[in-house]
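Shown next, in structure tokens, is the structure this report addresses.
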Number of protein chains: 2
Amino acid sequence: MTRDTVPVATVRPLRRDAELNRRKIIESARVVFSERGFGATLDDIAHHAGLGVGTVYRRFPGKEQLVEAMFVERMDEVRELAEQALEEADPWEGFVTFLTRTAELHSDDRGLREVMLSNNFGQERVAAAKERMIPIAVELVRRAKASGQLRADFEETDLAIIHMMIGSVAEYTQEVRPELWRRYLGVLLDGLRADSGEKRPLFPEPLDLPSLDVAMCAWKPRH
Amino acid sequence: MTRDTVPVATVRPLRRDAELNRRKIIESARVVFSERGFGATLDDIAHHAGLGVGTVYRRFPGKEQLVEAMFVERMDEVRELAEQALEEADPWEGFVTFLTRTAELHSDDRGLREVMLSNNFGQERVAAAKERMIPIAVELVRRAKASGQLRADFEETDLAIIHMMIGSVAEYTQEVRPELWRRYLGVLLDGLRADSGEKRPLFPEPLDLPSLDVAMCAWKPRH
DNA sequence: GGTAAACGGAGATACCAACTCCGCATAACC
DNA sequence: GGTTATGCGGAGTTGGTATCTCCGTTTACC
């Protein structure tokens with residue numbers, strides 16, 4: 001058995017142009033999924049990459065597989081975020097940091113939001129990445145409750161719903177005021193703090209009526 | 001000019017069966033739109049009414065017109081709700097009643113939620129009904145702030161966004177726990193109250209993990 | 001019983017996303 | 001530079017869904 005006939009996986013490397021295009025596809029998928037979510041078509045991605053659809057389908061069996069390839073690492077980023085938040089000295093601050101940073105990611109990347117809140121995208125590898133997150137999020141909640149700063153009746157599944165709410169605001173107003181979700185995260189945090197201290201001032205400013213109107217025109221419910 | 005040639009609008013009344021069917025259509029449209037939102041097709045509505053599609057299109061030029069006919073009165077109900085809330089002695093209680101009762105309507109009637117949060121359904125008459133609501137909602141907020149019970153940095157457009165958030169929870173969990181939105185309305189209200197008093201206990205119970213999983217499987221983002 | 005009105009629902013039309021196919025281009029190798 | 005396998009483009013096929021029409025049949029009304 002010579003060094004050149006390694007038993008398995010001696011896949012001939014892609015031709016140089018093909019390899020370049022593969023990277024372009026992944027890059028474009030990242031951009032397009034993050035802007036438009038998984039409603040985007042592979043044709044959109046191909047066009048964004050300046051390639052034909054055929055080229056995309058030659059490299060990836062279908063949309064699912066592209067999503068899978070795309071988001072496992074992204075999910076692991078979120079988990080690392082949670083791990084960092086767990087290292088903050090103040091448990092409440094850790095909790096707030098986690099919520100805020102995650103919401104930032106969701107608001108910048110609609111695709112990521114969709115994988116995290118729906119079980120309809122990605123297969124085992126994405127599901128596995130989610131499982132890996134759960135114990136860390138649970139610990140984050142436990143610790144913040146134990147310190148008496150997070151209200152005692154908060155539970156881990158509330159995290160998902162809170163993200164759902166914040167994300168829906170981000171999506172609703174993204175064309176008009178992409179940062180507006182922070183205002184409502186502020187309201188929620190004031191509602192979640194156990195102590196009855198002063199409220200933090202809300203930031204940023206609320207929508208004015210014309211902007212609300214624009215947001216309402218842009219919004220179409222799912223069917 | 002005889003009595004029989006009255007200039008305008010001498011529309012011959014519908015045949016008895018036709019009139020009956022017209023009512024069935026309206027009734028079914030109410031039910032179907034409220035369960036499935038405006039994603040529902042006129043074919044769905046016809047089938048629910050036990051009629052053919054042709055019958056529906058004979059009475060209503062298209063979906064838009066049916067929606068218009070359907071929701072103007074429903075919107076006015078919401079306005080009346082606001083007016084009643086304005087009559088409650090305690091401004092904060094009035095504010096809470098309004099938010100809660102409106103959210104109940106939204107959670108029972110997906111179509112109503114969609115007309116209220118989007119400008120893509122209905123024409124002038126629906127828009128006019130919305131305009132009629134605004135001053136009342138504004139007054140509700142003004143009064144609750146003036147009494148020192150609602151935080152001073154709350155503004156009227158926040159109402160719409162709060163409804164948006166609550167509605168998204170209602171939609172997310174409706175198959176599993178249709179009343180769960182009340183829990184998060186509770187959090188928001190604790191965040192909106194100006195005084196730094198005790199938090200109200202959250203109700204109902206949070207989702208358990210399996211139920212969250214079911215909700216996540218059922219949820220598909222809009223494209 | 002005659003007639004106009006209304007009915008039913010198959011199917012025309014339109015749209016859209018997923019995916020395939022094959023003639024043409026070009027990188028790789030000698 | 002010539003040969004060949006590999007890759008490319010994008011029109012076109014497939015499949016699904018929603019809107020709306022048409023006409024043979026049925027029904028209300030006088």
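Below, chains carry the letters A, B, ... as their sequence lines are ordered, and counting in each starts from 1.
- Distance CZ (A/Arg16) to C1' (D/dA5): 16 Å, rounded to an integer number of Å.
- The A/Arg59 side chain lies nearest to D/dC8 when the options are D/dC8, D/dT19, D/dA28.
- Whole-Å rounding puts the A/Leu51 CG to D/dA11 P distance at 15 Å.
- Across the interface with DNA chain D, nearest-nucleotide mapping of B/Leu42 and A/Thr55 shows A/Thr55 to be the residue nearer the 5′ end.
- Under the 3.5 Å distance criterion, the side-chain polar atoms of B/Tyr184 are left unmatched by any main-chain donor or acceptor of A/Met165.
- Between the side chain of B/Thr157 and the backbone N or O of A/Leu207 there is at least one donor-acceptor pair closer than 3.5 Å.
- When atom types are taken as modelled, the side chain of A/Glu114 and the backbone of A/Phe38 share a donor-acceptor pair closer than 3.5 angstrom.
- The residues A/Glu104 and A/Arg182 are annotated as salt-bridged, a charged nitrogen and a carboxylate oxygen being separated by less than 4.0 angstrom.
- Between the P atom of D/dT25 and the CZ atom of B/Arg58 lies a distance of 16 Å, rounded to the nearest Å.
- Straight-line distance from the CD1 atom of A/Ile45 to the P atom of D/dG10: 17 Å, rounded to whole Å.
- Summarising the geometry, the separation between CD on B/Gln65 and P on D/dT19 is reported as 13 Å, rounded to the nearest angstrom.
- Counting any heavy atom pair closer than 4.0 Å across all strands shown, B/Arg15 reaches a base atom.
- At whole-Å resolution of the value, CG in A/Asn21 and C1' in D/dG7 are 9 Å apart.
- Per the geometry, CG belonging to B/Leu66 stands 16 Å off P belonging to D/dA18, to the nearest Å.
- A distance-only check finds no donor-acceptor pair linking the side chain of A/Asp190 to the backbone of A/Val187 [under 3.5 Å].
- Rounded to an integer number of Å, the gap from OH of A/Tyr57 to P of D/dT13 is 17 Å.
- Between chain A and DNA chain C, the heavy-atom contact criterion of under 4.0 Å yields a 5' to 3' nucleotide range of C/dA17 to C/dA28.
- A donor-acceptor pair is defined here as one N or O able to donate and one able to accept, closer than 3.5 Å; such a pair exists between the side chain of A/Lys63 and the backbone of A/Ala40.
- Considering only the side chain of B/Asp43, D/dC20 comes nearest among D/dA18, D/dG9, D/dC20.
- Summarising the local packing, CD of A/Glu179 is surrounded by more than 12 heavy atoms from other residues, nucleotides or ligands at distances under 6.0 Å.
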